[in-house]
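Report on the structure given below.
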Amino acid sequence: MPNDPAERPRRITVQRCGPLLVEGPVEVELEDGTVVSSDRFRVALCTCRRSRRYPWCDTSHRRRT
């Protein structure tokens, strides 16, 4: 594994009935070609599409489970 953090693989954590947790910073390309970015050390990506802040998870999925 490379020593430079920019060269190491990003870790993605899959949670059942929850978001994908991705080590940041990240850029996400949406289906319409728009690119959104976050410089946080970890981000939660919505997988249920109920988030008002999509693609970022805002825990909206919890209200309908």
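Model, not experiment: these values are computed from the prediction.
- Distance check, rounded to the nearest 0.5 Å: OG1 of Thr34 to CG of Asp32 gives 3.0 Å.
- In the hydrophobic clustering of this structure, Leu30 groups with Val22; members are Ile, Leu, Val, Met, Phe, Trp, Tyr whose side-chain heavy atoms approach within less than 4.5 Å, directly or through other members.
- Closest non-hydrogen pair, Leu21 versus Gln15, comes out as CD1-NE2, 3.3 Å.
- Applying the side chain to side chain contact (heavy atoms under 4.5 Å, CB included) criterion to Val14, with sequence neighbours excluded, gives Leu20.
- The structure places CZ of Arg52 at 9.5 Å from OG1 of Thr59, a figure rounded to the nearest 0.5 Å.
- The shortest side-chain heavy-atom distance between Arg10 and Pro25 falls under the 4.5 Å cut-off.
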